[in-house]
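What follows is a set of notes on a single structure, which appears directly below.
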2 protein chains.
Amino acid sequence: MAKERSYSSLIARLKAGGLRPTRQRLALARLLFEGGDRHLTAEQLHSEAEESAVRVSVATVYNTLHQFTKVGLLREVVVEPGRSYFDTNVDDHHHFYFEATGDLQDIPSDRLRVRELPEPPEGTRIERVDVVVRVRNLET
Amino acid sequence: MAKERSYSSLIARLKAGGLRPTRQRLALARLLFEGGDRHLTAEQLHSEAEESAVRVSVATVYNTLHQFTKVGLLREVVVEPGRSYFDTNVDDHHHFYFEATGDLQDIPSDRLRVRELPEPPEGTRIERVDVVVRVRNLET
DNA sequence: ATAATAGTTTGGAATTGTTCTAAACTATTG
DNA sequence: CAATAGTTTAGAACAATTCCAAACTATTAT
């Protein structure tokens, strides 16, 4: 039901961002957006594409992820050195990060608030506030 | 004044962490801790060492940074994919991150508070809460 | 002191994640 | 349907980091 709408609106959203709805971009978009909230690395998305018999190069996966991020379809999350996650949830929210598995889980913004946010330094404006709650497995 | 104390206590702190106070570790420790709060990448520390005529290999810089982190002398901060910062301030605090320059600035924990922290998922405990306030230069 | 040992350092190769490049391809426009 | 502007691609290049096995050094036991 929402699938159809979301699929056809994707084309519109790509166009709105100045991105042509190519075979690759649409295929990646489906993988990304047809499964609820997800947190994927470029590697992971590329593997999923291969498994779904979608031919895309690694370069295109990276290009696409960055372009989607630029037009607001994705949000980049940095929690671990040397690996970027892309989050299909672009609403205001935060994350649990499971150090053991490398997984991320959303924390809706009404479950965690930052208060007394300090003034940004002279000549700058706040772009975003990222909160990462790092969790570890309870002791063995 | 505090220099002497901090220097001699360093040896003790290394030992407490099970690390032998070697030439390299002490030299790196001085570079790190004799200049107030700092946020350095491995690369940067290695350059500083070279400039100070301290002979250390890159591998040792990485080993040392991680060992220091493990024993609580440093804290690792991840804000940018593909680059790790090490923070000499290990107290509870947060960061401004300047996207333009890649610089970090501490936000003391009394200037920013997180409230309504959600329960950690079943079987896990909260290890740390990192808040990164990303700032960008005011418009041109 | 000294020898034995356990921990440390090192250069260089290897790995990992990501970006670059220039040529081939494809969607859009006129 | 041709022109063009944007896209994709394989593979090379890159950057940060880790791995490796040999040489070295601090500590411990003698």
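Chain naming here is simple, since letters A, B, ... match the order of the sequence lines and numbering starts at 1 in each.
- Protein atom OH of B:Tyr62 is 13 Å distant from nucleotide atom P of D:dC19, rounded to whole Å.
- Regarding B:His66, its NE2 atom lies at a distance of 7 Å from the P atom of D:dT17, rounded to whole Å.
- Between B:Ala42 and B:Val61 the shortest heavy-atom distance is O-CG1, 3.6 Å.
- Among residues at least two apart or in separate chains, there is no salt bridge (Lys or Arg N to Asp or Glu O under 4.0 Å) pair with a member in residues 58-70 of chain A.
- A 4.0 Å heavy-atom criterion places the boundary nucleotides of DNA chain C facing chain A at C:dG17 to C:dT28, written 5' to 3'.
- Qualifying ring-ring contact (aromatic ring centres under 6.0 Å, His included) partners for A:His46, counting only residues two or more places apart in sequence or in other chains: none.
- The hydrophobic cluster containing A:Tyr85, built from Ile/Leu/Val/Met/Phe/Trp/Tyr side-chain heavy atoms closer than 4.5 Å, also comprises A:Val77, A:Val79, A:Tyr97, A:Leu104, A:Val132.
- Annotation: the terminal axes of the helix from C:dA1-D:dT30 to C:dG30-D:dC1 meet at 30°, where each axis is the rotation carrying the C1' atoms of four end pairs onto the next four (5 pairs per end, rounded to 10°).
- Applying the salt bridge (Lys or Arg N to Asp or Glu O under 4.0 Å) definition to pairs two or more places apart or across chains, those involving residues 111-135 of chain B are A:Asp130-B:Arg134, A:Arg134-B:Asp130, A:Arg136-B:Glu127, A:Glu139-B:Arg125, B:Arg75-B:Asp130, B:Arg125-B:Glu127, B:Arg128-B:Asp130.
- B:Val90 forms part of no hydrophobic cluster, judged by ILVMFWY side-chain heavy-atom separations under 4.5 Å.
- B:Thr41 comes within contact range of no nucleotide atom at all, as no heavy-atom separation falls under 4.0 Å.
- When hydrophobic clusters are built by joining Ile, Leu, Val, Met, Phe, Trp and Tyr residues whose side-chain heavy atoms come closer than 4.5 Å, directly or via intermediates, B:Val58 is not grouped with B:Val56.
- In this structure, the CD1 atom of B:Ile11 is 13 Å from the C1' atom of D:dA26, given to the nearest Å.
- Rounding to whole angstrom units, CG of residue B:Leu14 and C1' of D:dT27 are separated by 15 Å.
- Scanning for ring-ring contact (aromatic ring centres under 6.0 Å, His included) contacts around A:His95 gives A:His39, A:His93, with sequence neighbours left out.
- Annotation for B:Val129: hydrophobic cluster partners, listed by chain and number, are A:Phe96, A:Phe98, A:Ile107, A:Leu112, A:Val114, A:Leu117, A:Ile126, A:Val129, A:Val131, A:Val133, A:Val135, B:Phe96, B:Phe98, B:Ile107, B:Leu112, B:Val114, B:Leu117, B:Ile126, B:Val131, B:Val133, B:Val135 (ILVMFWY side-chain heavy atoms under 4.5 Å, direct or chained).
- When the P atom of D:dT7 is taken as reference, atom NZ of A:Lys70 falls 11 Å away, rounded to whole Å.
- Note: CZ (B:Arg83) to P (D:dA16) measures 5 Å, nearest angstrom.
- Sequence neighbours left out, the pairs with a member in residues 47-63 of chain A that pass side chain to side chain donor-acceptor pair (under 3.5 Å) are A:Arg38-A:Glu48, A:Ser57-A:Thr60.
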Would you list the protein and nucleotides 8-10 of chain D atom pairs, both N or O, that sit under 3.5 Å from each other?
| unit_1 | atom_1 | unit_2 | atom_2 | d |
| --- | --- | --- | --- | --- |
| D:dT8 | OP1 | A:Thr22 | OG1 | 2.5 |
| D:dT8 | O3' | A:Gln24 | NE2 | 2.6 |
| D:dT9 | OP1 | A:Gln24 | NE2 | 3.3 |
| D:dT9 | OP1 | A:Arg55 | O | 3.4 |
| D:dT9 | OP2 | A:Ser57 | N | 3.0 |
| D:dT9 | OP2 | A:Ser57 | OG | 3.3 |
| D:dT9 | OP2 | A:Thr60 | OG1 | 2.8 |

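- Applying the salt bridge (Lys or Arg N to Asp or Glu O under 4.0 Å) test to every pair with at least one member in residues 16-27 of chain B, sequence neighbours left out, gives no pairs at all.
- The residue A:Pro81 sits apart from the nucleic acid: no heavy atom pair falls under 4.0 Å.
- Nearest-nucleotide assignment on DNA chain C puts the 5′-proximal partner with A:Ser84, out of A:Ser84 and A:Lys15.
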